[in-house]
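Inspection log for the structure reproduced underneath, given as structure tokens.
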Amino acid sequence: MKCPCGSEKNYSQCCGLYHSGVETAPTAEALMRSRYSAFAKNQMQYLRDTTDPQTLDSIDDEANKEWAERAKFLKLEIIKAEEKGTKGTVEFKAFYNVDDEDFVHHEVSTFRKQAGEWFFKSGKIKAEKK
Ligand SMILES: [Zn+2]
């Protein structure tokens with residue numbers, strides 16, 4: 001099965017490695033992709049595990065879970081990925097479908113590297129221009 005993140009690799013050779021804990025995502029972009037795949041595969045624990053503990057309090061698990069269950073994840077597009085030391089920024093568009101309607105989630109996420117592992121820190125939603 002192809003990985004939901006769009007890498008053209010098999011899931012077990014791509015984000016599956018991170019979801020199962022065999023490997024940790026080497027870059028902020030890899031973490032971003034694996035978090036998208038985690039939504040697609042309803043891997044809520046992975047989403048928690050890769051969120052900065054300081055951010056975790058503000059995450060609504062139930063809402064995320066409900067969204068992941070309802071939405072069909074169609075495509076991930078990485079627009080820009082940058083890393084500077086222990087800080088990473090990834091701008092992306094996630095295409096998904098809910099009840100036969102297509103949506104685009106456009107976000108700039110920031111990531112932080114702690115003891116060699118990347119964590120999601122925060123996300124800023126970008127409004128879509130029509
Ligand atoms: Zn992947």
Side-chain angles (χ1 to χ4, degrees):
M1 197 206 109
K2 290 257 189 285
C3 192
C5 80
S7 64
E8 295 291 319
K9 287 190 231 170
N10 281 327
Y11 169 71
S12 61
Q13 296 300 314
C14 188
C15 299
L17 290 172
Y18 312 135
H19 293 171
S20 62
V22 173
E23 285 179 25
T24 53
T27 61
E29 182 181 339
L31 183 68
M32 168 59 231
R33 287 178 172 278
S34 68
R35 286 175 55 88
Y36 172 85
S37 296
F39 268 109
K41 297 217 145 244
N42 212 339
Q43 295 262 3
M44 291 299 128
Q45 189 57 45
Y46 182 78
L47 290 167
R48 285 189 72 83
D49 290 347
T50 54
T51 298
D52 190 315
Q54 285 173 16
T55 306
L56 215 46
D57 287 345
S58 63
I59 302 279
D60 187 341
D61 264 348
E62 274 307 304
N64 270 348
K65 192 166 174 271
E66 204 188 296
W67 185 60
E69 278 167 5
R70 286 184 67 207
K72 268 187 254 154
F73 294 86
L74 307 172
K75 190 175 74 160
L76 174 69
E77 197 180 299
I78 302 284
I79 296 168
K80 208 162 82 179
E82 282 176 339
E83 275 177 33
K84 253 187 204 158
T86 58
K87 283 192 184 134
T89 313
V90 181
E91 180 176 356
F92 67 93
K93 285 184 183 177
F95 297 80
Y96 63 99
N97 181 292
V98 177
D99 300 334
D100 285 328
E101 262 196 280
D102 286 337
F103 296 92
V104 183
H105 176 87
H106 187 181
E107 183 181 311
V108 179
S109 295
T110 55
F111 297 86
R112 194 157 70 107
K113 203 177 190 178
Q114 253 177 312
E117 280 184 47
W118 285 99
F119 292 88
F120 168 74
K121 194 164 162 52
S122 62
K124 214 198 237 167
I125 291 166
K126 284 209 156 191
E128 275 292 302
K129 254 190 211 158
K130 285 270 171 194

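With salt bridges taken as basic N to acidic carboxylate O contacts below 4.0 Å, one links Glu77 and Lys75.
Both Leu31 and Met44 are part of a single hydrophobic cluster, where members link through side-chain heavy atoms under 4.5 Å apart. Placement of Tyr46 and Ile59 within a single hydrophobic cluster is found when ILVMFWY residues are connected by side-chain heavy-atom separations under 4.5 Å, directly or transitively.
Between the side chain of Thr55 and the main chain of Lys121, a donor-acceptor pair closer than 3.5 Å is present. Between the Asn10 side chain and the Ser12 main chain, no donor and acceptor come within less than 3.5 Å of each other.
Remark: aromatic rings of Phe73 and Tyr36 are close, center separation under 6.0 Å.
A heavy-atom distance below 4.5 Å is not found between the side chains of Lys113 and Glu83. For the pair Glu82 and Lys87, the minimum side-chain heavy-atom distance is 4.5 Å or more. Residues Arg70 and Asp99 meet the side-chain proximity criterion, which asks for heavy atoms closer than 4.5 Å. You'll find the side chain of Phe95 reaches within 4.5 Å of the side chain of Val104, heavy atoms only. Contact annotation: the side chain of Asp61 approaches that of Arg48 to within less than 4.5 Å [non-hydrogen atoms, C-beta and beyond]. In this structure, the side chains of Phe39 and Leu47 come closer than 4.5 Å at one or more pairs of heavy atoms.
Ring geometry, Phe111 versus Phe120: the interplanar angle exceeds 60°, so the pair is classed perpendicular (tilted spans 30 to 60°).
Of the residues listed (Cys15, Cys14, Ser37), the one engaging Ser7 in a side-chain contact (heavy atoms from CB on, under 4.5 Å) is Cys14, and it is the only one.
Within the model, atoms NE2 of His105 and CD1 of Ile125 stand 4.5 Å from one another, a figure rounded to the nearest 0.5 Å.
The closest side-chain donor-acceptor pair between Thr27 and Glu29, if any, does not fall under 3.5 angstrom.
The other members of the hydrophobic cluster of Tyr11, by chain and number, are Met1 (side-chain heavy atoms under 4.5 Å, ILVMFWY only).
Atom NZ of Lys93 has more than 12 neighbouring heavy atoms from other residues, nucleotides or ligands inside a 6.0 Å radius.
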Note to self: Applying side-chain contact (heavy atoms from CB on, under 4.5 Å) to Glu69 and Asn42, what does each step give before you reach the verdict?
What the structure shows: CA-CA 7 Å; Glu69 278 167 5; Asn42 212 339; 3.0 Å; yes

